[in-house]
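Order of appearance sets the numbers: ligands from 1, and atoms from 1 within every ligand.
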Amino acid sequence: MTAQLIDGTAIAAQIRQETADVVAELKREHGIVPGLATVLVGENPASKAYVGSKQRACAELGMVSIGHKLPDTATQQEVEKVVADLNADPDVHGILVQLPLPKHLDEEKILGAVSLEKDVDGFHPVNIGRLSMKGREPLFVPCTPAGCIELLVRSGVEISGKEAVILGRSNIVGLPVSMLLLHRNATITICHSRTADLPGTCRGADILIAAVGRAEMVKADWVKPGAAVIDVGINQVWVEHPADQEYTCAVTGETFVAHRKDQSEKGGRRKVGDVCPSCNEAWLKGQRRPECGSDRETMALFRKYKLVGDVDFGDVNQVAGYLTPVPGGVGPMTIAMLMHNTYRGALHSLKNRIG
Ligand code: NDP
């Protein structure tokens with residue numbers, strides 16, 4: 001017997017459709033269009049891609065997105081000024097500061113500057129504080145943890161009275177998802193890098209949430225038969241390509257494995273360096289081309305990779321009762337919950353207006 005697959009793509013699509021319906025109603029009844037402002041500082045390609053997909057989701061669901069892009073030299077004051085202007089803008093119902101921010105910026109101060117009422121990421125200390133207190137309701141719940149709960153609830157997994165073990169205690173996943181499970185009357189155990197007996201502790205879980213960022217760490221013998229396992233991890237692991245060979249970086253002397261562009265490869269590859277077709281000298285990404293006198297166009301060098309979770313899917317699938325895949329599990333839920341939070345932000349501003 002294998003686990004019942006929890007299809008995050010299908011559940012996220014359901015939530016997006018539900019959100020599109022209430023957004024249309026809000027527009028029809030009250031003339032309000034939910035607006036999400038994104039603040040992107042710097043050129044991090046992954047951050048750019050995340051912001052792009054959030055903006056596309058807004059458009060699909062009938063919401064407005066307002067993009068603010070600042071250079072990675074932006075000062076603390078400049079970023080805080082953008083946040084202050086967005087706080088004051090009545091057409092903005094949600095503000096998302098894309099993380100990570102460049103190192104010279106004070107992330108805690110910037111996130112704390114986002115108005116509590118527009119904190120659609122749910123990272124404001126007051127929202128996290130309310131989430132952690134009995135009988136208090138945060139205005140917004142962080143999106144990935146909220147997505148994990150939706151996956152369980154919509155798959156019919158009972159939470160109340162169950163033993164839940166959470167692997168990871170980060171502010172953005174482990175801690176808030178633990179608080180959400182506690183609110184739903186699970187008995188929680190939070191594990192981290194100093195936990196003495198991880199496999200043994202995990203084996204006690206009826207619900208196991210893995211959010212550690214360690215590729216395929218959770219094995220079948222960590223899992224109680226029939227448990228619901230939610231895999232939050234997104235890890236990139238290198239896989240072999242038939243044309244892989246070893247290169248030595250002409251600049252740093254480091255050796256690396258890569259292959260020249262393969263037209264049949266669709267996605268799942270990452271550029272790691274370049275090679276000069278004349279002298280065959282290679283260099284790692286981020287290094288300058290060594291002088292060899294040739295002006296021939298350089299050839300890119302790639303490595304093939306795949307995404308895996310924190311759970312060894314093939315192994316755990318034999319034991320668990322429910323299991324999320326990676327990709328296609330928790331990942332699609334994050335944006336769906338962000339869209340839902342932005343709608344809630346607009347609803348909250350309407351309630352404030354009506355009084
Ligand atoms: P962090 O690195 O912030 O936290 C990792 C946590 O795991 C820490 O609490 C750490 O313990 C613990 N940990 C790390 N290594 C071990 C170990 N060997 N044994 C036990 N505990 C360990 O990660 P995040 O919470 O931000 O993310 C976790 C994973 O989830 C990542 O793969 C990330 O990419 C993914 N993610 C996925 C999202 C999605 O949309 N699907 C959204 C956000 C994250 P300690 O506190 O002691 O250091």
Side-chain angles (χ1 to χ4, degrees), residues 6-13 15-16 44-47 49-54 57 96-101 103 107-108 111 120-123 128 131 140-152 164-181 188-205 208-219 221-223 229-238 270 305-313 323-341:
I6 299 183
D7 185 347
T9 308
I11 295 177
I15 292 172
R16 284 162 82 122
N44 180 329
S47 294
Y50 288 142
V51 165
S53 46
K54 287 162 187 173
L96 181 133
V97 179
Q98 185 62 48
L99 300 179
L101 288 167
K103 293 229 172 340
E107 178 183 302
E108 188 179 351
L111 293 182
V120 283
D121 250 344
F123 294 152
I128 292 286
L131 183 66
F140 299 101
V141 172
C143 301
T144 304
C148 294
I149 302 296
E150 285 296 322
L151 289 175
L152 290 169
V165 173
I166 301 92
L167 267 172
R169 57 175 164 182
S170 75
N171 289 337
I172 62 169
V173 190
L175 183 78
V177 82
S178 307
M179 294 303 117
L180 287 170
L181 288 161
I188 60 166
T189 305
I190 306 174
C191 299
H192 44 77
S193 60
R194 312 286 169 86
T195 300
D197 177 15
L198 279 178
T201 310
C202 291
R203 263 195 306 275
L208 179 61
I209 314 275
V212 271
R214 300 276 179 266
E216 300 179 325
M217 186 171 91
V218 177
K219 304 292 180 193
D221 61 358
W222 294 37
V223 176
V229 181
I230 303 288
D231 189 355
V232 185
I234 303 175
N235 308 287
Q236 181 176 290
V237 292
W238 300 118
R270 189 142 290 180
Y305 71 90
K306 64 172 180 173
L307 293 181
V308 297
D310 292 342
V311 174
D312 185 331
F313 185 91
L323 181 58
T324 58
V326 176
V330 176
M333 296 298 289
T334 301
I335 291 187
M337 300 316 293
L338 175 69
M339 295 299 110
H340 180 72
N341 274 355

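Protein heavy atom in closest approach to atom 40 (O) of ligand 1: T334 OG1, 2.8 Å. For atom 29 (C) of ligand 1, the closest non-hydrogen atom on the protein side is G213 N, 3.6 Å. Remark: minimum distance from atom 24 (P) of ligand 1 to any protein heavy atom is reached at S170 OG, 3.7 Å. Regarding atom 42 (C) of ligand 1, its nearest protein heavy-atom neighbour is T144 OG1, 3.4 Å. Of the protein's heavy atoms, V232 O, 3.2 Å lies nearest to atom 37 (C) of ligand 1. At the top of the distance list for atom 20 (C) of ligand 1, counting protein heavy atoms only, stands H192 O, 3.3 Å.
Each of the following atoms of ligand 1 lies closer than 4.0 Å to a heavy atom of I172: 26 (O). Set against the non-hydrogen atoms of V330, the atoms of ligand 1 under 4.0 Å away are 41 (N). Near S193, the atoms of ligand 1 lying under 4.0 angstrom from a non-hydrogen atom of the residue are 11 (O), 20 (C), 21 (N), 22 (C), 45 (P), 47 (O), 48 (O). Interface of G168 with ligand 1, defined as ligand atoms under 4.0 Å from a residue heavy atom, comprises 6 (C), 7 (O), 9 (O). Less than 4.0 angstrom separates some heavy atom of L198 from each of these atoms of ligand 1: 19 (N), 20 (C).
Checked by distance only, ligand 1 and R169 come closer than 3.5 Å through their nitrogen or oxygen atoms. Every N/O-N/O distance between D310 and ligand 1 stays at or above 3.5 Å. Residue-to-ligand polar distances place I234 within reach of ligand 1: an N/O pair is separated by less than 3.5 Å.
For the pair P332/I11, no side-chain contact is recorded, criterion being any heavy-atom separation below 4.5 Å from C-beta on. With contacts defined as side-chain heavy-atom distances shorter than 4.5 Å, the pair V141/I149 does not qualify. Put simply, the side chain of C148 does not reach to within 4.5 Å of the side chain of L180, judged on heavy atoms. The closest side-chain heavy-atom distance from L198 to M217 is below 4.5 Å. A heavy-atom distance below 4.5 Å is not found between the side chains of D121 and V97. Residues L323 and F313 have side chains in contact (heavy-atom distance under 4.5 Å, counting atoms from C-beta outward). Inter-residue side-chain proximity for N235 and V308 is flagged as met; some heavy-atom pair is nearer than 4.5 Å. For the pair L111 and L99, the minimum side-chain heavy-atom distance is below 4.5 Å.
Considering only non-hydrogen atoms, atom 44 (C) of ligand 1 lies nearest to V173 out of I209, N171, L175, V173. For atom 13 (N) of ligand 1, the choice among D231, L167, V212, I166 with the nearest heavy atom turns out to be V212.
The closest approach between a heavy atom of T195 and any atom of ligand 1 is not below 4.0 Å. At least one heavy atom of G331 sits less than 4.0 Å from an atom of ligand 1. Close to ligand 1: A211, with a non-hydrogen atom less than 4.0 angstrom away.
In terms of the salt bridge (Lys or Arg N to Asp or Glu O under 4.0 Å) criterion, residue partners of E150 (sequence neighbours excluded) are, by chain and number, R154.
In this structure, atom 2 (O) of ligand 1 has no protein heavy-atom contact shorter than 4.0 Å.
Using modelled atom types, no side-chain atom of D310 and backbone atom of D231 make a donor-acceptor pair closer than 3.5 Å. Judged by distance alone, with hydrogens and angles left aside, the side-chain atoms of S170 form a donor-acceptor pair with the main-chain N or O of V173 at under 3.5 Å.
Every pair passing side chain to side chain donor-acceptor pair (under 3.5 Å) that includes a residue from residues 331-341 is listed here, sequence neighbours excluded: T144-T334.
At a heavy-atom cutoff of 4.0 Å, ligand 1 is contacted by the side chain of R214 but not by its backbone.
The only member of I209, T201, V218 that meets side-chain contact (heavy atoms from CB on, under 4.5 Å) when paired with L167 is V218.
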